[in-house]
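Okay, structure first, notes after.
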Amino acid sequence: MMKKCAGLLLLCLSVISTCGRTEAQVNTFCQANGQATVHAGDLVCLVPNLGFPPAKNGPDPIAGLTAAIASQANLVPLASPASGIIYNTDPSLQILVPSGTESFGPVLSERGETLRRHKAFVAFSYQRFGFNSIDRVSLKAIPAVFLASVQGQPRATAFEETSTRVDLTVNQFALYATYGLTDRIDVSVAVPILNVRIGANSNCNAAIIFNGTGTPRCNFQLSNGTLTNYVQNFRQATGLGDVVFRIKGALFEGEHLRLAAGLDVRVPSGNELNFLGTGAAGLRPFLVGSLRGRVSPHVGLAYQWNGHSDIASIQGPGVSAKLPDNFSYAIGMDARVVKRLTLSGDILGEVLRDALREAVETQPVTGFTGVATGVGSYNTNYASIGGKLNPAGNLLVTLNVLLKLDHYGLRNKPAPLIGLSYTF
């Protein structure tokens, strides 16, 4: 008897601990009373609506995970506006001429030079992101433990252990335009168009009943009432992402050293419930410095302030919470290898504050393992390696690959980028 009571006590403590990580609330944004809601067609509800145990009455461990994936998938880097052919004043002619000796600049970071008065820059880029883990939890096998009540036995409690696979791909198409207001100030706009593809399947692995009788059933209940131990779904969305406006001004222009400061304003124009945007406005002041020359090192610092979003809450999608702020930095070098070719490399880092994070926990009584969502800060780093080719005139062709260097946050596979730009 004492053993049974002790076991039940440990079980209750385990449940309370898990519920505390998810604020002990059932998120009904995607499902209500066992039925799909009006948001069922949104990508953010694809995983929670795969299936659920009969008479589930506990917090949904998948809801926080889905919000974490959604919020972090929209924090991937954009290519840098107006990083290409620049103009300088010829000391003898006193007119602007395109640089023929310096490099063509970095790909995903900034340099301390501006475009020059009445010059215009247009560009297009395509970048593909495929994600494989979040906080070391593989997206190919996400464990989750659901709490349910056994029908006909009000005091009986059942646990079901599931395994879910999520395949998430983001195709990012972006249009850029920059215009030089003066020789020291330029303005830019970046317009991303996103195609997001998400597929998921889930298996019910095991079930156990406490304080009751009967054979535990390991299955999901679909919205039409069908019981099954395996469910799958696929969906995609295409549309406008979050548009970014920028103003950048030169602070210092020496013979070699250039310093500039700027401000990015992000407009929440993308549909966050379909992973197309963040759902929050953002401000990002930045400071950059670079050295002119055939070999050009550069460094940048920035801080991103974000507003509230419906994909930022630990309770899951549909509950508004603040999207995490972040401090970012970049350090790298670009170098002209030959007249028409520049190679570049950067280390890009971010420190995210109070972001949604994932961890796998094992319940002491059932032995089942499941993912749990919490809030914490972390640092993450990328490597950007690429180059720019000048086939003719002021046309540039850009090739680049972005590599995630750690497992913190949402981790992407190597992300290739290709781009075209022209300076008028």
Seminar exercise, completed: Sorted by chain and number, sequence neighbours left out, side-chain contact (heavy atoms from CB on, under 4.5 Å) with L399 holds for I418

For this session: Please report the shortest heavy-atom distance between G112 and R258, naming the atom on each side.
Result: O-CB, 3.2 Å

Problem set entry | Partners meeting side-chain contact (heavy atoms from CB on, under 4.5 Å) with N412 (sequence neighbours left out) | F129, F131, Y382, K404, A415

Problem set entry | Any donor-acceptor pair under 3.5 Å from S328 side chain to G349 backbone | no

Problem set entry | For the student: nearest non-hydrogen atoms of A383 and I347, plus distance | CB-CD1, 4.2 Å

Seminar exercise, completed: CG (L259) and CD (E113) are apart, to the nearest 0.5 Å, by 11.0 Å

Exercise. Just by modelled atom types, is the I314 backbone N or O under 3.5 Å from a matching donor or acceptor in the T373 side chain?
Worked result: no

Problem set entry | Short side-chain donor-acceptor distance under 3.5 Å, Y126 and N171 | yes

Exercise. Are I185 and T114 close enough that some pair of their side-chain heavy atoms sits under 4.5 Å apart?
Worked result: no

Exercise. Between D310 and E272, is a side-chain contact (heavy atoms from CB on, under 4.5 Å) present by the stated rule, with each step listed?
Worked result: CA-CA 8 Å; D310 283 343; E272 71 274 19; 4.0 Å; yes

Exercise. Any donor and acceptor pair, going by atom type alone, linking the side chain of D186 with main-chain N or O of L115 inside 3.5 Å?
Worked result: yes

Exercise. Counting only N and O atoms by type, is there a donor-acceptor contact under 3.5 Å from the side chain of N271 to the main-chain atoms of L273?
Worked result: yes

Exercise. Please, which pairs that meet ring-ring contact (aromatic ring centres under 6.0 Å, His included) have at least one residue in residues 304-339, sequence neighbours excluded?
Worked result: Y303-W305

Problem set entry | Distance in Å, I134 CD1 paired with L410 CG, rounded so as to fall on 0.5 Å steps | 5.5 Å

Exercise. Sub-3.5 Å donor-acceptor pair from the side chain of E161 to the main-chain atoms of P143, do we have one?
Worked result: no

Problem set entry | Residues V145, T366; criterion side-chain contact (heavy atoms from CB on, under 4.5 Å); working and verdict | CA-CA 10 Å; V145 179; T366 65; 5.6 Å; no

Exercise. What pairs of residues pass the side chain to side chain donor-acceptor pair (under 3.5 Å) test when at least one of them lies in residues 237-246, not counting sequence neighbours?
Worked result: E110-R246, N195-T238, D242-T278, R246-D264

Problem set entry | Euclidean distance, S163 OG relative to K140 NZ, rounded to 0.5 Å | 12.5 Å

Exercise. If you measure from CZ on F104 to CZ on R111, what distance do you get to the nearest 0.5 Å?
Worked result: 9.5 Å

Problem set entry | Of all pairs that satisfy salt bridge (charged side-chain N to carboxylate O under 4.0 Å, His left out), the ones with a partner from residues 312-324, not counting sequence neighbours | K322-D325

Exercise. Do any N or O atoms from the side chain of E358 and from the backbone of S133 form a donor-acceptor pair under 3.5 angstrom?
Worked result: no

For this session: Flag the pair L417 / L108 as yes when at least one side-chain heavy-atom distance between them is below 4.5 Å, and no otherwise.
Result: yes

Exercise. Is R235 atom CZ crowded by more than 12 heavy atoms from other residues, nucleotides or ligands, each under 6.0 Å away?
Worked result: yes

Problem set entry | V267 side chain near F245 side chain, heavy-atom distance below 4.5 Å | yes

Exercise. How about V122 and F424: do any of their side-chain heavy atoms sit closer than 4.5 Å?
Worked result: yes

Exercise. Judged by atom type as modelled, is there a donor-acceptor pair below 3.5 Å linking the side chain of N381 to the main-chain atoms of E350?
Worked result: no

Exercise. With a 4.5 Å limit on heavy-atom distance, are the side chains of L403 and I385 in contact?
Worked result: yes

Seminar exercise, completed: Taken to the nearest 0.5 Å, the spacing of S125 OG from F173 CZ works out to 10.0 Å

For this session: Grab the two heavy atoms, one from A280 and one from S309, that are nearest each other, plus how far apart they are.
Result: CB-CB, 4.1 Å

Exercise. After noting the C-alpha distance and the side-chain angles of L283 and V265, does the key distance pass the side-chain contact (heavy atoms from CB on, under 4.5 Å) rule?
Worked result: CA-CA 5 Å; L283 295 176; V265 179; 3.8 Å; yes

For this session: Could you tell me whether R411 and D135 have a side-chain N and a carboxylate O separated by less than 4.0 Å?
Result: no

Exercise. Do you know the tightest heavy-atom contact between P324 and N306?
Worked result: O-ND2, 2.6 Å

Seminar exercise, completed: Test side-chain contact (heavy atoms from CB on, under 4.5 Å), reference L46, set I198, T66, L168, output is I198

For this session: Check the surroundings of atom CG in L343: do more than 12 heavy atoms from other residues, nucleotides or ligands lie under 6.0 Å from it?
Result: yes

For this session: Would you confirm whether T162, through its side chain, and A144, through its main-chain N or O, come within 3.5 Å as a donor-acceptor pair?
Result: yes

For this session: Could you tell me whether the side chain of F29 reaches within less than 4.5 Å of the side chain of C45, counting heavy atoms only?
Result: yes

For this session: Return yes if some donor-acceptor pair links the side-chain N/O of K388 with the main-chain N/O of P106 below 3.5 Å, else return no.
Result: yes

Problem set entry | Heavy-atom donor-acceptor pair, R294 side chain to R336 backbone, under 3.5 Å | yes

Problem set entry | Side chains of H39 and V44 in contact at under 4.5 Å (non-hydrogen atoms) | no

Exercise. Looking at L251 and A261, what are the two nearest heavy atoms and their distance?
Worked result: CD1-CB, 3.8 Å

Exercise. Any side-chain heavy-atom pair from Y422 and L420 closer than 4.5 angstrom?
Worked result: no

Problem set entry | Full working for side-chain contact (heavy atoms from CB on, under 4.5 Å) between V166 and L65 | CA-CA 11 Å; V166 176; L65 169 71; 5.7 Å; no

Seminar exercise, completed: With sequence neighbours left out, the residues meeting side chain to side chain donor-acceptor pair (under 3.5 Å) with D406 are T380

Problem set entry | Heavy-atom closest contact (S344 atom, G105 atom, distance) | CB-O, 4.3 Å

For this session: Give, for atom NZ of K248 and atom CZ of F286, the distance between the pair rounded to the nearest 0.5 Å.
Result: 6.0 Å

